[in-house]
Amino acid sequence: MTIPRRAFAIVASLLLLVSASSRSETVPLAMTEVAAGVFVHNGVHEEASSANDDAIANIGFILGDDAVAVIDPGGSAREGRELRAAIRARTDRPIRYVILTHVHPDHIFGAATFRDDHPDFVGHAKLPGALTQRGDYYLHRLRNTLGDEASGTEIVPPTVLITGRLDLDLGSRRLILWAHGPAHTDNDMTIFDENTRTFWLGDLLFVDRVPVIDGSLVGWLEQLREATAIPADRAVPGHGPVSVPWPAGADPERRYLEAVARDTRAAIKSGIGIANAYRQVANSERGHWLLFDEYHPRNVTASYKELEWE
Ligand SMILES: [Zn+2]
């Protein structure tokens, strides 16, 4: 049987329409409930691309009796919309807080999606400065990488700033937020959910994907020591599985950071230059981490600059 040409054209354009609308329609993000009322979306272990909409970090939300707190709105407006749809598929309680764990775009560039909910955007006291310094560059880079998929993505500065500690009440549920000293970045925040003893670490904790040192290596080891004293049952890493046991889940990251510190100090001492140091540093860690070659050399360069004046 031959299909009349006109009918074929109609079917073909219908198919095109269907595929175009399925791309623009908002599909709720897949979420895992790691503990009662604690929902995490698992980011992919890739660099940002138009195929993944920069959905590369673990992000999610916590439900209280009265309100919802988003913990990282995602890497683009599109991912933010999908996260919001995942929340609205479960509850119509108000989204009262959007917590921005740190300046990196894969975590917070979905924030504009939540503006109409009029939440408090909560961030580290040093987050506004970091956004001023880097925000435009990050946005430009995202637009280059994502093209049209980046549309609607904007920088949203925090409206509530934290130094030290802040408690948030979601209704029969208290979240304790801490602003940390320089570690992964100079504006890292973590969140502890008392009800389920779940500790959400953002990028203070990397599992499987190699840690990125963009703050202070020495500081990170110090913050990790303090964080492992928190009596949590499980942790949500910024990258890695949606949940790991705590504090055991921090062991591989500590091992990596200690190896970088030890070997970088040795390289400096033996007069190896900054450009070549990465070849000698923490080679024992190769094979333990995804994206090692993409990020390890620059971690060593950053650590070298930090440690050479010790
Ligand atoms: Zn980060």
Side-chain angles (χ1 to χ4, degrees), residues 40-49 52-60 70-76 79-80 83 98-111 121-124 126-135 137-139 141-142 145-146 153 155-156 158 162 177-191 199-217 219-221 223-224 227 235-242 244 249-250 252-254 256-257 260 289-292 294-299 301-303 306:
V40 185
H41 172 71
N42 197 199
V44 290
H45 289 309
E46 296 169 5
E47 303 270 37
S49 73
N52 62 36
D53 294 327
D54 201 18
I56 61 172
N58 290 339
I59 63 166
V70 169
I71 304 182
D72 283 343
S76 60
E79 194 190 11
L83 175 63
V98 174
I99 299 166
L100 310 169
T101 60
H102 65 293
V103 71
H104 287 154
D106 52 328
H107 290 261
I108 64 171
F109 267 16
F121 291 95
V122 185
H124 192 292
K126 290 197 169 159
L127 178 59
L131 279 171
T132 303
Q133 235 177 25
R134 301 228 198 130
Y137 162 72
Y138 284 151
L139 200 54
R141 198 179 58 176
L142 190 82
T145 311
L146 264 58
T153 302
I155 294 165
V156 178
I162 305 188
L177 280 58
W178 285 284
H180 293 268
H184 168 63
T185 64
D186 74 353
N187 50 87
D188 304 313
M189 284 200 324
T190 58
I191 300 96
F199 192 19
W200 201 307
L201 280 106
D203 279 1
L204 218 53
L205 180 64
F206 280 69
V207 179
D208 300 335
R209 181 184 173 122
V210 72
V212 174
I213 303 168
D214 191 23
S216 161
L217 171 62
W220 198 341
L221 283 163
Q223 296 302 318
L224 207 52
V236 178
H239 298 273
V242 288
V244 292
E253 178 177 273
R254 186 188 308 100
Y256 173 80
L257 297 175
V260 172
W289 300 99
L290 299 165
L291 299 173
F292 189 84
E294 284 80 353
Y295 291 97
H296 178 66
R298 65 179 95 160
N299 281 341
T301 303
S303 303
E306 179 183 344

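Since the model is a prediction, treat every value here as computed from it, not as a measurement. Residue numbers count from 1 along this sequence. Counting starts at 1 for both ligands and their atoms, following the listed order.
No donor-acceptor contact under 3.5 angstrom links the side chains of Thr185 and His104, judged on distance only. In this structure, a donor-acceptor pair under 3.5 Å is absent between the side chains of His180 and Asp188.
Here the options are Arg134, His184, Arg298, the test is side chain to side chain donor-acceptor pair (under 3.5 Å), and the partner is Asp214; only Arg134 passes.
The minimum heavy-atom distance between Gly75 and Phe109, with the atom names listed, is O-CB, 3.3 Å.
Two residues are said to be in side-chain contact when any heavy atoms from C-beta on lie closer than 4.5 Å; Tyr138 and Leu131 fail this criterion. Side-chain contact between Asp203 and Val212 is absent, with no heavy atoms from C-beta onward closer than 4.5 Å.
Around the Zn ion (ligand 1), protein N, O or S atoms at less than 2.8 Å number 4.
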